[in-house]
Amino acid sequence: MSHTDLFRIDSHKLIFHPHRVAQWLAGSNIYPVYMEISPVGCCNHRCTFCALDFAGYKPRFLDKELIGLRLTELGSLGVKSVLYGGEGEPLLHPDIAGIIQETCAAGIDTALSTNGTLLTSALAEQILPSLKWIKVSVNAGTPATYSAIHRTLPEDFQQVLSNIASAAQFIKSSGLTCTLGVQAVLLPENASEMEQLAMLVKEAGGEYLVIKPYSQHHKSLTRTYEKIDYSPLLHLSEKLDSFNDEDFRVIFRSNPINKMQNVERGYERCLALPFWSYIDAGGNVWGCSAFLEDERFLYGNIYEEDFKRIWEGEKRSKSLEFVACELNSDCCRTNCRMDEINLYLWELTHPGGHVNFI
């Protein structure tokens, strides 16, 4: 792990859940450690690299009362964390503050991924005390490039930076533990602005800037960046190191960039699905976000059943059997969220020799 990556963003954290891993190794049915939930299907931006453009930005919203019931259930089942993000912009949900507060009240660590345009001071003061972290997507260092990539108004760029600064000030003045970070997808159009972005994020009070590679979703309508070559951009890592100090880090994700050049995954099938899940804005529970709208990965719907029944149901059982026996990992998304966890689990279940000589 890089000394700049204090939150193991470029690695994984399943090693901190040995009891759950031991239960899984013993063949027990385990509940997710982590879940992603999409409160809304629509978005106020149309980013050129959007992985979930195929979902159609549907104007659907999870029911606050229902999700509140399911969150209480998830907490009791042992779910440790929930990230609100998904197909749309979560802050478009009119009840997002209450949903985030209820998630925290259920004993679940709560996080938010947002484009930040709607992160007003009033909303920030409602949600930040309940969040472990918030990550804002800012994919350029100037208004013009930001507008072109996010496909929104240039004025949104300064608005987002102002919102970040306001949130950072509130976190500091209130003594909150919420970590405020920014993320950028590295593209040919914005590569020359990453130093400028790092400076702006640091000045605004962000605690880190993650710069990560684009990963082609198999179902994405956009194919603009499918064959992107990051070799000429690796030098940026050294330049961005100059921004690092005790209060700010730039996490340049060299590891996944290098993986894109390597066709070998290091595991033959996905083992990570029991440890996480995804709920879309329509209440559907999926085994993997890379296979949204693929019925083979659909477990059920929280409007129709409680989560326990869905997780222990026949659909999920058949899905896991399919993944274990038929799914070729080459069909999976490069640098998927569970890639490092799969490497870890594969080594656990396929150890080399002399493992007892620790």
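Residues: numbered from 1 along the sequence shown. Keep in mind it's a predicted model, so treat the numbers as computed, not measured.
Between Y34 and I341 there is no side-chain heavy-atom pair separated by less than 4.5 Å. Looking at L273 and L320, their side chains come closer than 4.5 Å, going by heavy atoms from C-beta outward. Put simply, the side chain of I302 reaches to within 4.5 Å of the side chain of I67, judged on heavy atoms. Proximity of C42 to F61: side-chain heavy atoms (C-beta onward) are separated by under 4.5 Å at one or more points. Contact of the I149 side chain with the L187 side chain is registered, since non-hydrogen atoms from C-beta on lie closer than 4.5 Å. Residues E102 and T72 are not in side-chain contact: their nearest non-hydrogen atoms beyond the backbone lie 4.5 Å or more apart. Side-chain contact between P188 and I228 is present, with at least one heavy-atom pair separated by less than 4.5 Å. When side chains are defined from C-beta on, F307 does not count as touching S76, because their heavy atoms never get closer than 4.5 Å.
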Determine whether K318 and E321 satisfy the following criterion, salt bridge (Lys or Arg N to Asp or Glu O under 4.0 Å), listing intermediate values before the conclusion.
CA-CA 5 Å; K318 286 184 177 179; E321 184 179 348; over 6 Å; no

Criterion salt bridge (Lys or Arg N to Asp or Glu O under 4.0 Å) on R60 and E87, from CA distance to verdict:
CA-CA 10 Å; R60 54 184 185 176; E87 309 108 79; 3.3 Å; yes

Tell me, with the steps shown, if S130 and Q101 meet side-chain hydrogen bond (donor to acceptor under 3.5 Å, both in side chains).
CA-CA 6 Å; S130 298; Q101 289 163 0; 5.3 Å; no

Using the side-chain hydrogen bond (donor to acceptor under 3.5 Å, both in side chains) rule, take N44 and T152 through it: C-alpha gap first, then chi angles, then the decisive distance, then the call.
CA-CA 8 Å; N44 55 345; T152 186; over 6 Å; no

Please lay out, stage by stage, how K308 and D306 fare under the test salt bridge (Lys or Arg N to Asp or Glu O under 4.0 Å).
CA-CA 6 Å; K308 188 175 190 292; D306 61 34; over 6 Å; no

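Of the possible donor and acceptor atoms, one in the side chain of H218 sits under 3.5 Å from a partner among the backbone N and O of C332. Under the 3.5 Å distance criterion, the side-chain polar atoms of N342 are left unmatched by any main-chain donor or acceptor of C270. Formation of a donor-acceptor pair under 3.5 Å by the E89 side chain with backbone atoms of C43 is not found in this model. Using modelled atom types, one side-chain atom of S174 and one backbone atom of F170 make a donor-acceptor pair closer than 3.5 Å.
Linking ILVMFWY residues whenever their side-chain heavy atoms come closer than 4.5 Å, directly or via other members, places L186 and L234 in the same cluster.
H235 NE2: more than 12 foreign heavy atoms inside a 6.0 Å radius. More than 12 heavy-atom neighbours from other residues, nucleotides or ligands sit within 6.0 angstrom of NZ on K64. Counting heavy-atom neighbours within 6.0 Å of K58 NZ, excluding the residue itself, gives a total above 12. Heavy atoms of other residues, nucleotides or ligands lying less than 6.0 angstrom from NZ of K80 number 12 at most. Counting heavy atoms of neighbouring residues, nucleotides and ligands inside a 6.0 Å radius, atom NE2 of H350 exceeds 12 of them. The environment of E268 atom CD is sparse: at most 12 non-hydrogen atoms of other residues, nucleotides or ligands sit within 6.0 angstrom. The 12-atom threshold is not exceeded at CD of E347, counting heavy atoms of other residues, nucleotides or ligands nearer than 6.0 Å.
Identified under the salt bridge (charged side-chain N to carboxylate O under 4.0 Å, His left out) test for residues 32-52, with sequence neighbours left out: E36-R337.
Aromatic ring centroids of F49 and Y225 lie 6.0 Å or more apart. Centroid-to-centroid, the aromatic rings of F54 and H217 come within less than 6.0 Å. Outside the 6.0 Å centre-distance limit, the rings of Y299 and W286 are not counted as a close aromatic pair. The distance between the ring centers of W24 and F275 falls below 6.0 angstrom.
The two residues A204 and L161 have their closest heavy-atom pair at CB-O, 4.1 Å. Shortest non-hydrogen contact noted between F248 and G206 is CD1-O, 3.1 Å. Scanning all heavy atoms of the two residues, the minimum distance from G266 to W346 falls at O-CD1, 3.5 Å. Nearest approach of V250 to F243, heavy atoms of both residues: CG2-CB, 4.0 Å. Closest approach of E207 to C178, counting heavy atoms only: OE2-O, 3.6 Å. Minimum heavy-atom separation, Y84 to P39: CD2-CG, 3.7 Å.
Judged purely by distance below 3.5 Å, without hydrogens or angles, the side chains of T117 and Q159 never pair a donor atom with an acceptor atom. S254 and N258 share no donor-acceptor pair across their side chains, judged by distance under 3.5 Å alone. In the model, E305 has no side-chain atom that pairs as donor or acceptor with a side-chain atom of N301 under 3.5 Å. Looking at N190 and N139, their side chains never bring a donor and an acceptor atom within 3.5 Å of each other.
Every side-chain contact (heavy atoms from CB on, under 4.5 Å) that F16 has, sequence neighbours left out, goes to R8, K13.
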